[in-house]
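Ligands are counted one by one from 1 in listed order, and the atoms in each one are counted from 1 as well.
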Amino acid sequence: MSHRIVTFTLNPAYDLIGYCQNIELGDVNLVSTNDFLPAGKGINVAKVLCDLEHKVTASGFLGDLNREAFSHLFSQLGIEDKFSAIAGRTRINVKLTEESGSVTDLNFSGFTVDNNQWQSFAEQSLSFLSDAEIVVISGSLPKGIDLTAFSNWIAKIKTICPKVIFDSSRDALAAGLKAKPWLIKPNDKELEMLVGYSLSSIDEIKKAAFDLVSRGIENVIVSLGSKGALWVSKQEAWIAKPPKCKVTSTVGAGDTMVAGIVHGLLSNYSIKQTLIFACAVSALSVSQAGVGISDKTKLNEMIEQIEIIAG
Ligand SMILES: Nc1ncnc2c1ncn2[C@@H]1O[C@H](COP(=O)(O)OP(=O)(O)O)[C@@H](O)[C@H]1O
Ligand SMILES: O=P(O)(O)OC[C@H]1O[C@](O)(COP(=O)(O)O)[C@@H](O)[C@@H]1O
């Protein structure tokens with residue numbers, strides 16, 4: 001048994017969020033601490049979905065030595081906790097915003113998952129997907145997980161729940177694609193890494209997304225930061241553009257977009273409406289520090305301001 005939405009975060013993180021006027025590489029930098037939050041991609045997705053009034057099951061691995069804030073978050077939001085314990089600590093990632101608005105992410109590697117731990121997790125995780133309508137697999141892989149085993153695991157999940165949404169980067173993204181997830185959400189840089197050449201215009205990005213669709217990924221959504229997002233499927237393509245937004249933090253914008261996509265799909269919105277909603281919810285998220293949606297009125301106002309064009 002599980003909820004309609006299951007999110008997997010294999011390599012969660014505490015996000016240590018700070019402000020440094022101007023980072024000097026190789027020098028001592030003074031940083032004011034803004035927050036220290038239990039996070040990681042699938043957990044952020046679950047958090048936003050809870051704010052949008054969905055019930056979510058969350059799974060993956062968590063270090064047993066610093067689990068408290070995660071357990072607290074799950075019980076506070078009513079997230080069903082299916083995480084497997086790993087001896088040691090969940091990593092801390094550092095996110096630094098500068099006066100210019102640019103954000104530097106220091107994403108650490110974190111704990112190691114050995115083959116036995118992986119095998120028992122992979123097997124057990126398939127046992128609680130019977131009610132899942134959408135499975136979200138997000139983020140990087142801990143050390144120790146074999147890329148082929150990861151791809152095979154996604155393929156097995158698809159046999160139980162065909163709608164797998166996959167959002168990752170680098171080797172894990174390339175490995176996951178071999179299982180042909182139903183929907184992926186790379187950003188433009190991740191798409192470039194995937195295709196192996198630079199994409200300098202929206203037409204080139206669209207073409208690369210279409211190539212992936214023709215290789216069997218049914219839906220490719222490319223997020224483009226302040227420029228919005230592009231959704232390409234076999235039948236249709238749409239580009240959504242947010243208005244100019246005041247940026248407080250872009251950390252979690254991509255995860256918020258994934259949550260918006262899940263919300264639209266489970267609300268039976270059209271692809272176009274789903275993209276508008278996902279673009280609005282993620283654009284709204286950059287104006288605030290943490291991950292989550294607290295102001296529904298602002299969300300409705302943002303939805304009205306999204307420009308949508310056929311791609
Ligand atoms: N500066 C911004 N202004 C408005 N919306 C933004 C901004 N940055 C991100 N977004 C919204 O968040 C979505 C995801 O952001 P993006 O940076 O592309 O993803 P990721 O965090 O995965 O790299 C974008 O498609 C857009 O809708
Ligand atoms: O698993 P990865 O790729 O290292 O990313 C983890 C990081 O991504 C985040 O989930 C934020 O992701 P987005 O900004 O892409 O939405 C952080 O909370 C976390 O520190």
Shortest protein contact, [atom] (heavy atom only):
atom                    : answer
atom 4 (C) of ligand 1  : Cys245 SG, 3.6 Å
atom 16 (P) of ligand 1 : Ser223 OG, 3.6 Å
atom 11 (C) of ligand 1 : Ser282 OG, 3.4 Å
atom 8 (O) of ligand 2  : Lys41 NZ, 2.9 Å
atom 25 (O) of ligand 1 : Gly228 O, 2.8 Å
atom 2 (P) of ligand 2  : Ser140 OG, 3.4 Å
atom 23 (O) of ligand 1 : Asn187 ND2, 2.8 Å
atom 21 (O) of ligand 1 : Gly254 N, 3.2 Å

Below 3.5 Å, N or O to N or O, backbone or side chain included: is there any such pair between [X] and ligand 2?
X      : result
Gly139 : no
Asp255 : yes
Ser169 : no

Electrostatic pair [X]:[Y] at N-O distance under 4.0 angstrom:
X      : Y      : answer
Asp81  : Arg67  : yes
Lys207 : Asp211 : yes
Asp203 : Lys206 : yes

Heavy-atom nearest neighbour of [atom] within options [options]:
atom                    : options                        : value
atom 14 (C) of ligand 1 : Ser138, Ala253, Gly101, Pro243 : Ala253
atom 20 (O) of ligand 2 : Asp15, Asp105, Ile17           : Asp15
atom 3 (N) of ligand 1  : Ala240, Ser226, Gly252         : Ser226
atom 9 (C) of ligand 1  : Gly225, Pro242, Ser169         : Gly225
atom 22 (O) of ligand 1 : Met257, Lys185, Lys241         : Lys185
atom 5 (N) of ligand 1  : Ala283, Ala280, Ser285, Cys279 : Ala283

Output the list of atoms in ligand 2 that are nearer than 4.0 Å to some heavy atom of [X], sorted by atom number.
X      : answer
Ala39  : 18 (O)
Gly252 : 11 (C), 13 (P), 14 (O), 16 (O)
Lys95  : 7 (C), 17 (C), 19 (C), 20 (O)
Val251 : 14 (O)
Gly254 : 16 (O)

For the residue pair Phe74 and Phe83, does the interplanar ring angle fall in the parallel (under 30°), tilted (30 to 60°) or perpendicular (over 60°) class? parallel
Verify whether one side chain among Lys82 and Ser125 offers a donor that lies under 3.5 Å from an acceptor in the other. no
Do Ser102 and Glu98 have side-chain N/O donor and acceptor atoms under 3.5 Å apart? yes
First locate atom [atom1] of [X], then atom [atom2] of [Y], and finally report the distance between them rounded to the nearest 0.5 Å.
X      : Y      : atom1 : atom2 : value
Leu49  : Ile79  : CG    : CD1   : 9.0 Å
Ile217 : Ile184 : CD1   : CD1   : 5.0 Å
Lys185 : Ile165 : NZ    : CD1   : 11.5 Å
Lys95  : Thr250 : NZ    : OG1   : 9.0 Å
Leu106 : Thr104 : CG    : OG1   : 7.0 Å

Return the minimal non-hydrogen interatomic distance between Asp64 and Ala85, and the atom names on each side. CB-CB, 4.5 Å
Centroid-centroid distance, Phe61 to Phe121, less than 6.0 Å: yes
Looking at Val247, which atoms of ligand 1 are within less than 4.0 Å of one of its heavy atoms? 1 (N)
Show me which atoms of ligand 1 lie under 4.0 Å from any heavy atom of Leu224. 18 (O), 25 (O)
Trp118-Ile86 co-clustered via ILVMFWY side chain contacts under 4.5 Å: yes
Sub-4.0 Å heavy-atom contact, Arg91 with ligand 2: yes
So for Met257, does at least one of its heavy atoms come nearer than 4.0 angstrom to any atom of ligand 2? no
Validation row: Leu126, Ile157 side chains within 4.5 angstrom (heavy atoms): yes
